[in-house]
Amino acid sequence: MTLKSDSIRSLSHIATMLELLGEDAFRVNANARAVRSLEAFPDELEPIADDQKQLTAIPGIGAKIAQKIIELHTSGRISEEDELARKVPQTLLEVLEVPGLGPKTVRLMWEQQQVESIDDLRRIIADGSILTLPRMGQKSVDKITAALAFMETSSERLPIGIAQPLAELLIEYLRQSPEIIKAEFAGSLRRGQETVGDIDILVATSNPAAVTKHFLAAPNLEEVLASGDTKSSARFAVPESAGGKRKTTARAIQIDLRIVEQDAWGAALLYFTGSKEHGVHLRTVARKQGFTLNEYGLFKDEPGEGPPQSRGIAPIAHATEAEIYAQLDQPAFPPEIREDMGEFDLTEAPRLIEVADIKAELHAHTRASDGRLSLHQLIEHAISRGFHTLAVTDHSRSSVQANGLSIERLQEQRQHIEDAREQFEGQITILHGCEVDILTDGSLDYDDETLHWLDLVVASPHVALTQDPKTATKRLLNAIEHPCVHILGHPTGRLINRREGLSPAINELVAAAVEHETALEINAHWQRLDLRDTHVRAAATGGARFAIDCDVHHAADFDNLRYGVATGRRGWLEPAQCVNALGHKDLHGWIKSKRV
DNA sequence: GCCGTTTTCGGCCCGACTGTTTTCAGTCG
């Protein structure tokens, strides 16, 4: 555990307990904001933990919270957290996790009915005493009961690689209705987050009732949670086949449908894309300039009661996101950077990396190790993607479970590569590379002579992924600094929702990567997305170069590129910093620079 | 509890839906 992760846990614990005690909402929010800010902070806190000034330089961290972090660092505890924990039963925090139950209701249950746990909640439902609470009727109780049952069947956040295809299928279905003018997904999915808690679909129509009816008849719909004139929510089953074989325990996902008038499409898309923090900041900007911004448009402030659109006030801008941003004198922020993490300091929108920029795949496996494609099939797929270069990088010998190649087999593979080069001449440049294991101590799985003989080397950690941060940093630095290594593959080895992976000191890796011109991988597989967005942001700011690769094992893995690109965009990555976006000459110039 | 090109004090976004209410509180995003 690091000081950062401990601080995040303690501060969010404090925020939740303050909420349950009915403390000032702004104080609760300040702690929650500090948590989000720390989650996005790329570096560890230990190096700055004795410097209040550097701590308060982190947005959302003021003098008080900095003091708590310092206290946690020096004593291992925060006294405020301990004091609060004496007042609030810790099992009460689980009750707050029940969807539909908020702090006010949980507090009432606690004060009036001595509810201190989920079991207590079940008790007052069973004996009917829950109905004596204010504003609590049978319908509410039924909802809580259903939520409790749903919680038991578990639900984790859905990886983007499952959520996005689901959203696209639903949109395809919705568009079958002639009443639909436009349909797009918004929310965290549109911002390219690695996992999503729900899916937001935005629809433009002049016939809301028909569209709602159509939505509620969609395939895989399990339960309607709410349905009004402009908004419906339903729970959908996640098909067993999602993501190839099931790679998530999530059985269901909530999908929210928002219905808007076509005219206000831009305002609605902006609003429902979020993030919440970006929206709050943007509305503050609007207010300062004498405007009101909501999901119906940007309005000039005029005195009066009620929302401007219902008072007959015409919006100044509402048709597109771009015109609203322009009216507020802001750049047209790409969705992926709308996190209120510094984007409002920009004077113009960055030109972020796009899928169309990617012209090379530098991390791909064949049947020789654990891939499912033959060498020829792999090459044909790369050509069909319009790539100018493909690196064949099967596993090295230590990856026994992946049928890693001995040096002899590696040498045999060279002959096949050369045959293929002849056959595909003029269509694509084929590199003979490997994905070499970074062994536990940081040494590589082939000798230097073999590595130098290969055209391209991706060095990746596959074992000992629970090493402490210091050892892991040293291990990865070894690979970055090795003169034959081009790319550090999936640097942390994490698997989303499954395995934490290594926690190296990213700033040290970045400094070494810049010095040795080694690229850091953004592994595009949606189970990896490694480096993650916040690491990419830190490394890109530090001037590192990146490789966005699909780590191809199956033909369909090429389609994961969009998730890797989205992660790069969330890290503010521009094409010039991505080796896969280089032209043929520049890419091979860099690759050969490691072979002199 | 944070923050400042209106402010070092006094702000801190905005609306839909639900269930329980005769006008609104709570939750959610």
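Order of the sequence lines sets the chain letters (A, B, ...), proteins ahead of strands, with each chain counted from 1. Values below: all heavy atoms of this structure, side chains included; hydrogens, waters and symmetry mates excluded.
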Protein heavy-atom contacts under 4.0 Å, written 5' to 3' over nucleotides 21-29 of chain B as B (base), S (sugar-phosphate only) or - (none), form the string ---BBSSSB
Under the criterion side chain to side chain donor-acceptor pair (under 3.5 Å), which of His281(A), His278(A), Arg191(A) is the partner of Glu339(A)? Arg191(A)
Please tell me if the side chains of [X] and [Y] come closer than 4.5 Å, counting only heavy atoms from C-beta onward.
| X | Y | value |
| --- | --- | --- |
| Asp530(A) | Ile522(A) | no |
| Thr230(A) | Val260(A) | no |
| Trp265(A) | Glu321(A) | no |

Can you tell me if Phe26(A) is stacked onto the base of dC12(B), using a 5.5 Å centroid cut-off and an angle below 30°? yes
From the list [options], which nucleotide is the closest neighbour of the side chain of [X]?
| X | options | answer |
| --- | --- | --- |
| Val280(A) | dC13(B), dC17(B), dA16(B) | dC13(B) |
| Arg287(A) | dG19(B), dC13(B), dG15(B) | dC13(B) |
| Ala30(A) | dG1(B), dT20(B), dC14(B) | dG1(B) |
| Thr230(A) | dA16(B), dC13(B), dT18(B) | dA16(B) |
| Lys139(A) | dT20(B), dG1(B), dG15(B) | dT20(B) |

Say we look at [N] and [M]: how far apart would their [atom1] atoms be, to the nearest angstrom?
| N | M | atom1 | result |
| --- | --- | --- | --- |
| dG1(B) | dT5(B) | P | 24 Å |
| dT23(B) | dC28(B) | P | 26 Å |
| dC12(B) | dT7(B) | P | 15 Å |
| dG11(B) | dT6(B) | C1' | 12 Å |
| dT22(B) | dG15(B) | P | 25 Å |
| dT20(B) | dT27(B) | C1' | 14 Å |
| dT8(B) | dC3(B) | C1' | 9 Å |

Could you state the CD-P distance from Glu277(A) to dC13(B), rounded to the nearest angstrom?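 So the two atoms are 12 Å apart, to the nearest Å.
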Nucleotide dG1(B), atom C1' - distance to CD1 of Ile61(A) in whole Å: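 Whole-Å distance recorded here is 11 Å.
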Expected output: side-chain [X] to main-chain [Y] donor-acceptor under 3.5 Å:
| X | Y | answer |
| --- | --- | --- |
| Ser37(A) | Pro59(A) | yes |
| Gln289(A) | Leu328(A) | yes |
| Gln112(A) | Trp110(A) | no |

Checking all strands, does [X] fall into the base, sugar-phosphate, or nothing category for heavy-atom contacts under 4.0 angstrom?
| X | result |
| --- | --- |
| Leu282(A) | nothing |
| Ser227(A) | sugar-phosphate |
| Asp24(A) | base |
| Glu23(A) | nothing |

Under the criterion salt bridge (Lys or Arg N to Asp or Glu O under 4.0 Å), which of Arg157(A), Arg570(A), Arg528(A), Arg494(A) is the partner of Glu194(A)?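 Among Arg157(A), Arg570(A), Arg528(A), Arg494(A), the one that satisfies the salt bridge (Lys or Arg N to Asp or Glu O under 4.0 Å) with Glu194(A) is Arg494(A).
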Using Watson-Crick or G-U wobble geometry with both distances under 3.5 Å, which nucleotide pairs with dT8(B)? none
Just label dT6(B) as syn or anti from its O4'-C1'-N9-C4 or O4'-C1'-N1-C2 angle, using within 90° of 0 for syn.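 Nucleotide dT6(B) adopts anti.
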